Student: 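Starting off with a structure, shown below.
Source: prediction; values computed, not measured.
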Amino acid sequence: MAADAWLGLMSGTSMDGIDAVLVRFEQDSLNLIATSSLAYPHDVRERLERLSQNHGSPDELGELDHRLGGLFAEAARRLIASSGLEAGQIAAIGSHGQTVRHQPDGQHPFSLQLGDPNLIAEHTGITTVADFRRRDLAAGGEGAPLVPAFHRAFFASQQEHRCILNIGGIANITWLPADAPDKVSGYDTGPGNALMDAWCQHHTGRPYDEDGQWAAQGRVDSRLLTDMLGDGYFAQPAPKSTGKEKFNLAWINTHLARHGELAPADVQRTLLEVTVRSIADELANTEASTIYVCGGGARNPVLLEAITRACGDRKVLSTQVLGLDPQWVEATAFAWLASQTMAGKPGNLPKVTGARGKRILGAIYQP
């Protein structure tokens, strides 16, 4: 019984739950075997949001690390049970964990993910690879984004200039020039869903704006939009990465304080436009003829329509066209990164992260 399947676990900056995939890799193609999602309990999501804004104690940090480790292990066990595979058929688990702070700049850069991989290995009986970002940081990189290496391996084309646009809490792009693997680049463009989710939670009590319906009721406030797009991050050259420690409700309120009373729906629509414009401005710097979208933002028709308009003649399609559903791209990427680590191969792209060179990423936890 060959151990030729890989299991990927991912929870992104939206902090809503865990995506899990089982996949087999064959050179430049992949076979998705099974997928599932496990939503976070409401109290876990609330505690993570507070912790990401530096509201929490060391005890809470340790407790959440342990609790999330159990949840990640549960997500893996549920997926395996539904897939028909045995644990012995899985070469390793690649677990990204849950980012609570990402601070790649400054004298002591760091990226902190929770979800104890010792518990994942212990509860599943499967070798687990985790802590992918810190080796790149140690080599002088941003530690993010890491998925462009996966995008290059499976989504690049010899005939078509492509961009992969991932819209999670934070948005990032990967530029894949045709038949030029050494020229691949990528970085975080800024907020994806993070600002819209924060404003929606604050005003409606809902964790996100389903299908962008609330934003569709509002109008863009041009003065607020100009002010928000004046944030220094948008003009910062790559390599760069960011997170909810920057783009959050406090960031929104800082800008709103300069503009008086605005209708909440108008603010939501303006926040959507911040995401659209910050993405479109960066896409304009590439020669991509087609933009392939993945991540949670791919399920927001109002957002996608606005991005499509902003991209003009360029086609905007789902990564489903390339054979991988938008929801499962990142979890599949971390399954692949685990396979790279287990094979002793690098997982970062120095041109993307700014690291001094290619590095084997992650730590291995034996069962």
Side-chain angles (χ1 to χ4, degrees), residues 3 5-25 30-49 51-52 63-100 112-133 146-147 150 166 168-169 207-208 294-296 299 324-339 341-342 362-367:
W6 300 85
L7 196 155
L9 298 171
M10 178 70 196
S11 184
T13 46
S14 292
M15 296 184 176
D16 51 3
I18 303 162
D19 287 334
V21 303
L22 270 167
V23 60
R24 289 188 176 97
F25 300 111
L30 58 87
N31 174 27
L32 207 57
I33 302 164
T35 62
S36 68
S37 291
L38 179 65
Y40 283 152
H42 181 69
D43 70 302
V44 168
R45 182 167 181 165
E46 281 193 335
R47 293 173 73 187
L48 284 170
E49 290 285 357
L51 200 60
S52 72
E63 289 167 8
L64 275 173
D65 186 40
H66 186 276
R67 189 167 179 188
L68 286 171
L71 288 171
F72 274 79
E74 181 183 346
R77 290 200 309 269
R78 286 188 182 187
L79 179 63
I80 294 165
S82 69
S83 71
L85 295 186
E86 302 289 337
Q89 294 175 271
I90 300 168
I93 295 170
S95 178
H96 171 267
Q98 176 63 68
T99 299
V100 289
L112 179 60
Q113 287 75 42
L114 302 185
D116 186 357
N118 294 283
L119 289 173
I120 301 172
E122 185 67 28
H123 291 175
T124 63
I126 300 170
T127 299
T128 299
V129 186
D131 192 15
F132 288 96
R133 299 194 184 277
L146 296 180
V147 291
F150 169 77
N166 175 56
Y208 63 94
C294 58
R299 299 192 297 268
L324 191 54
D325 185 288
Q327 181 171 350
W328 311 117
V329 172
E330 287 207 290
T332 304
F334 279 90
W336 179 78
L337 284 168
S339 74
T341 301
M342 295 298 291
I364 300 171
Y365 300 78
Q366 300 291 350

Student: How long is the gap from CG on L64 to CG on D116, to the nearest 0.5 Å?
Tutor: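 These two atoms lie 12.5 Å from each other.
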Student: Taking all non-hydrogen atoms of both residues, which atom of R24 and which atom of A5 are closest, and how far apart?
Tutor: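 Shortest heavy-atom contact: CG-CA, 4.1 Å.
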Student: Are the side chains of V21 and W6 in contact, using a 4.5 Å heavy-atom criterion?
Tutor: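 No, their side chains stay 4.5 Å or more apart.
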Student: Counting C-beta onward and ignoring hydrogens, is there a side-chain heavy-atom pair between T341 and F132 closer than 4.5 Å?
Tutor: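 Yes; the side chains approach each other to less than 4.5 Å.
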Student: Tell me which one of R133, H96, E330 satisfies side-chain contact (heavy atoms from CB on, under 4.5 Å) with L146.
Tutor: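 So the option named by the test is R133.
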Student: Which heavy atom in S14 sits nearest to a heavy atom in G168, and how many Å separate them?
Tutor: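 Distance-wise, the nearest heavy atoms are OG-C, 4.1 Å.
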Student: Atom OH of residue position Y365 - does it have more than 12 heavy atoms of other residues, nucleotides or ligands inside 6.0 Å?
Tutor: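 Above 12, so yes.
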Student: If you measure from CG on L30 to CH2 on W328, what distance do you get to the nearest 0.5 Å?
Tutor: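 It comes to 14.0 Å.
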Student: Distance from R77 atom CZ to S36 atom OG, nearest 0.5 Å?
Tutor: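 Here the rounded value is 12.0 Å.
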Student: Which atom names give the shortest non-hydrogen contact between G115 and D65, and what distance separates them?
Tutor: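 Here G115 and D65 meet closest at N-OD1, 2.8 Å.
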Student: Say you draw a straight line from CD of Q98 to OG1 of T13; how long is it, rounded to the nearest 0.5 Å?
Tutor: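 Q98 CD to T13 OG1: 8.0 Å, rounded to 0.5 Å.
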Student: Return yes if some donor-acceptor pair links the side-chain N/O of Q89 with the main-chain N/O of E86 below 3.5 Å, else return no.
Tutor: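 Confirmed, Q89 side chain pairs with E86 backbone.
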Student: Once you round to the nearest 0.5 Å, how far does OG1 of T128 lie from CZ of F72?
Tutor: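 CZ of F72 is found 11.5 Å from OG1 of T128.
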Student: Can Q327 and S37 be counted as having a side-chain donor-acceptor contact under 3.5 angstrom?
Tutor: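 Their side chains do contain a donor-acceptor pair, which is all the 3.5 Å distance test asks for.
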Student: Any side-chain heavy atom of L79 within less than 4.5 Å of one from L22?
Tutor: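 SC-SC contact between L79 and L22 confirmed.
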Student: G295 and N166: which non-hydrogen atoms are nearest, and at how many Å?
Tutor: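 That would be CA-OD1, 3.5 Å.
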Student: I'd like to know whether V329 forms a side-chain contact (heavy atoms from CB on, under 4.5 Å) with V147, so could you lay out the CA-CA distance, the side-chain angles of the two residues, the decisive distance to 0.1 Å, and finally the verdict.
Tutor: CA-CA 9 Å; V329 172; V147 291; over 6 Å; no
Student: Quickly, which of T99, L68, D43 forms a side-chain contact (heavy atoms from CB on, under 4.5 Å) with L48? Name it, please.
Tutor: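 Option passing the side-chain contact (heavy atoms from CB on, under 4.5 Å) with L48: L68.
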Student: Return yes when atom CD of E74 has more than 12 non-hydrogen atoms of other residues, nucleotides or ligands closer than 6.0 Å, and no otherwise.
Tutor: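 Enclosed.
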Student: Quick one: OH on Y40 to CZ on R47, what's the gap to the nearest 0.5 Å?
Tutor: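 One finds 13.0 Å between OH of Y40 and CZ of R47.
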Student: On a heavy-atom basis, which atom in M10 and which in A331 lie closest, and how many Å separate them?
Tutor: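 Closest approach of M10 to A331, heavy atoms only: CB-CA, 3.7 Å.
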Student: Checking the side chain of S11 only, and the main-chain atoms of G17 only, is there a donor and an acceptor separated by less than 3.5 Å?
Tutor: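 Between the backbone of G17 and the side chain of S11 there is a qualifying donor-acceptor contact (under 3.5 Å).
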Student: Considering only heavy atoms from C-beta outward, does the side chain of P117 approach that of I93 to under 4.5 Å?
Tutor: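 Sidechains of I93 and P117: no contact.
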Student: Looking at every heavy atom in both G69 and I120, which two are closest together, and how far apart are they?
Tutor: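 Nearest heavy atoms, G69 then I120: O-CG1, 3.8 Å.
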Student: Does any part of the side chain of L114, heavy atoms only, come nearer than 4.5 Å to the side chain of L51, both counted from C-beta?
Tutor: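 Result yes, sub-4.5 Å side-chain heavy-atom pair found.
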Student: Quick one, I364 and T127 - any side-chain contact, counting heavy atoms below 4.5 Å?
Tutor: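 The answer is yes, as the side chains (C-beta and beyond) meet within the 4.5 Å cut-off.
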Student: Any side-chain heavy atom of T124 within less than 4.5 Å of one from L7?
Tutor: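 No. Closest side-chain heavy atoms not under 4.5 Å.
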Student: Please tell me if the side chains of V23 and W336 come closer than 4.5 Å, counting only heavy atoms from C-beta onward.
Tutor: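 Of all side-chain heavy-atom pairs linking W336 with V23, none is under 4.5 Å.
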